[in-house]
Number of protein chains: 2
Amino acid sequence: MVRNSEDTKKRILKAANGLFYAEGIRAVSVDAIAAKAGLTKKTLYYHFQSKDDLVAEYLMSRDQPNLDAMRKWFDEQEGSIADKVYAIFDGVVQSSQHPKWRGCGFLRTAGELANMPGHPAIKAGAAHKKRFETWLTEVFKDQKLNDAPSLARQVVLLLDGSFAVMMVHHDSAYIEAAGRAAKQLVEASLKNKKRK
Amino acid sequence: MVRNSEDTKKRILKAANGLFYAEGIRAVSVDAIAAKAGLTKKTLYYHFQSKDDLVAEYLMSRDQPNLDAMRKWFDEQEGSIADKVYAIFDGVVQSSQHPKWRGCGFLRTAGELANMPGHPAIKAGAAHKKRFETWLTEVFKDQKLNDAPSLARQVVLLLDGSFAVMMVHHDSAYIEAAGRAAKQLVEASLKNKKRK
DNA sequence: TTATGTATACTCATCAGTGAGTTTCCTTTT
DNA sequence: AAAAGGAAACTCACTGATGAGTATACATAA
């Protein structure tokens, strides 16, 4: 028995993470999370106010790691910005091969809780997506692309489009197609810049 | 009391439609649907095998109407193909203004049932999305665009990207941005064709 | 009078959340 | 330095509500 608040909370969050991502929010009971974390429901409720609270913390805990993964794929790719943007999509393709992959947890959660606007989990998802878009905008600005915000937004739409389509088709060719479209849009912007 | 099987089934489906779309699949009980349809649960189970069956029929019933709406927006728009494609996104923008709008029911359902691959509702969603992509491919082929399938796929990704992003941001500017990207890609393809 | 359609009233499982009590550990008092 | 007190971290067993699905019986139209 570990009587360590921080550690216990992390254990609960880890269990919640695994179950919520794999099964969905409403499909997972608090009992199941407590069981997976190896403690009782009452203990779970000692650390979290409610299931909704737990859901929100689950998504907040995914913000940084997800962002880091995207940035890593981008940074480690050699070549032009367009190539680096494509590398993000390629990273998603690789991830999607994993049998446990279930798409974007932020989007799936927001979709499931669409009848609860203002739910803290949806806000967490919005914040995460915004952070990604902002980062990408900065990247494009650093390259002196004059339409950086709108270009970043288009790439975001293609990326989230990949996640959406994958939920129905489970065919990574769609992610690659999105990546090529993104690359094409970035290249068009690069060409436009040089013309100035 | 209406003793008309077809009529009763339609009434149940209509009630299911309203509730599933508004609240989500697992958030809606069979009791609630029966109540909204003005009959008992047993009657509902006389007409549908199970809740899963009802979910699948709900989505199948949305296939044609959704497709028709998209085609209407496209057909009624004057101008180039690029303009007509943009009109689809504009149609979604208009729809999204409605307070009852909750995005794409196919995607939200697929996301919620991501832990049940092969669920008939997901297959219904996949079939619907495929039909739309196929239609768009034909449209582009009719215009003698040489990359019709990949162009159609890119537009699909942007459209579903709009639905996905709207779930978190509720900001129709994203749909417009997707529409502009789609238009740009179609225009690039048109230019490429003329060059041949 | 037999098929079809509908209702009442149930089963049993599971849900989110809690009441009441227990163990552990740290601090303060003696 | 030992005992006492109290807060923090935990468990067991429960509540009341609701979930999907059903057994049985009645009604109506052919």
Side-chain angles (χ1 to χ4, degrees), chain A residues 1-59 109 112-113 115-116 118-122, chain B residues 1-59 108-109 112-116 118-122:
Chain A
M1 203 101 22
V2 189
R3 301 243 159 202
N4 180 320
S5 189
E6 275 312 299
D7 194 76
T8 303
K9 203 167 173 182
K10 267 183 199 159
R11 235 172 57 237
I12 296 170
L13 218 41
K14 194 178 169 186
N17 209 304
L19 287 171
F20 281 148
Y21 181 71
E23 316 276 340
I25 305 304
R26 286 195 252 246
V28 169
S29 69
V30 177
D31 293 81
I33 295 167
K36 186 168 182 185
L39 35 76
T40 63
K41 199 163 36 163
K42 194 68 212 264
T43 302
L44 187 153
Y45 275 101
Y46 177 82
H47 293 279
F48 296 90
Q49 242 189 1
S50 63
K51 187 183 179 180
D52 283 332
D53 179 31
L54 184 53
V55 174
E57 292 227 36
Y58 144 59
L59 283 190
T109 302
E112 196 171 345
L113 304 182
N115 61 329
M116 306 174 82
H119 190 292
I122 297 179
Chain B
M1 203 98 24
V2 189
R3 301 249 159 198
N4 182 321
S5 189
E6 276 313 298
D7 194 75
T8 304
K9 201 167 175 182
K10 267 183 198 158
R11 237 173 55 238
I12 297 170
L13 218 41
K14 194 179 168 185
N17 209 305
L19 287 170
F20 282 148
Y21 181 70
E23 317 277 340
I25 305 304
R26 287 195 253 246
V28 170
S29 70
V30 176
D31 293 80
I33 295 167
K36 186 168 182 184
L39 35 76
T40 63
K41 201 162 37 162
K42 191 66 219 255
T43 301
L44 187 154
Y45 274 101
Y46 178 83
H47 293 279
F48 296 91
Q49 241 189 2
S50 64
K51 185 182 180 180
D52 284 332
D53 179 30
L54 184 53
V55 173
E57 292 226 36
Y58 144 59
L59 283 190
R108 278 176 52 219
T109 302
E112 197 172 344
L113 305 182
N115 62 330
M116 306 174 82
H119 190 292
I122 297 178

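A, B, ... follow the sequence lines: proteins, then strands. Residue 1 opens every chain. We use all heavy atoms of the structure for the numbers below, so side chains are in, but hydrogens, waters and symmetry mates are not.
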Inset, instruction - Specify the separation, in whole Å, of atom CG of A:Asp7 and atom C1' of C:dT24. - result: 16 Å

Inset, instruction - Would you please confirm or rule out a distance under 4.0 Å between OP1 or OP2 of D:dC10 and any side-chain N or O of A:His47? - result: yes

Side-chain donor-acceptor pairs under 3.5 Å in residues 27-36 of chain B, sequence neighbours left out?
from	atom 1	to	atom 2	distance (Å)
B:Ser29	OG	B:Ala32	N	3.0
B:Asp31	OD1	B:Lys41	NZ	3.3
B:Asp31	OD2	B:Lys41	NZ	3.4

Legend entry - Pairing nucleotide - C:dA3, Watson-Crick or G-U, each distance under 3.5 Å: none

Legend entry - Atom-to-atom span, CD1 of A:Ile12 to C1' of D:dT11 - whole angstrom: 13 Å

Inset, instruction - Report the distance from atom CG of B:Leu113 to atom CZ of B:Arg26, rounding to the nearest 0.5 Å. - result: 5.5 Å

Legend entry - D:dC10 phosphate, OP1 or OP2, under 4.0 Å from A:Tyr46 side-chain N/O: no

Legend entry - Separation of D:dG19 P from B:Leu44 CG (nearest whole Å): 14 Å

Inset, instruction - Scan residues 42-56 of chain A for pairs that pass salt bridge (Lys or Arg N to Asp or Glu O under 4.0 Å), counting only residues two or more places apart or in two chains. - result: none

Legend entry - Distance below 4.0 Å between B:Thr43 side-chain N/O and C:dT6 OP1 or OP2: no

Inset, instruction - Apply side-chain hydrogen bond (donor to acceptor under 3.5 Å, both in side chains) to B:Gln49 and list each qualifying residue two or more places apart in sequence or on a separate chain. - result: none

Inset, instruction - Provide, to the nearest angstrom, the distance between the CD atom belonging to B:Glu23 and the P atom belonging to D:dG19. - result: 12 Å

Inset, instruction - May I ask which nucleotide in the shown strands pairs with D:dT28, Watson-Crick or G-U wobble, both distances under 3.5 Å? - result: none

Legend entry - Base versus backbone protein contacts along nucleotides 12-20 of chain C [heavy-atom cut-off under 4.0 Å; B, S, -]: ---SBBBBB

Inset, instruction - Rounded off to whole Å, could you give me the CG-to-C1' distance for the B:Leu19 and D:dA20 pair? - result: 16 Å

Inset, instruction - Starting at atom CZ of B:Arg11, determine the distance to atom C1' of C:dG5, rounded to an integer number of angstrom. - result: 12 Å

Legend entry - Pairs involving residues 10-44 of chain B, ordered by first then second residue, that meet ring pair (Phe, Tyr, Trp, His ring centres under 6.0 Å) (sequence neighbours left out): B:Phe20-B:Tyr58

Legend entry - Chi class for C:dA3: syn within 90° of 0, otherwise anti: syn

Legend entry - With sequence neighbours excluded, residues passing side-chain hydrogen bond (donor to acceptor under 3.5 Å, both in side chains) with A:Ser50: none

Legend entry - NE2-CG distance between B:His119 and B:Leu59, expressed to the nearest 0.5 angstrom: 9.5 Å

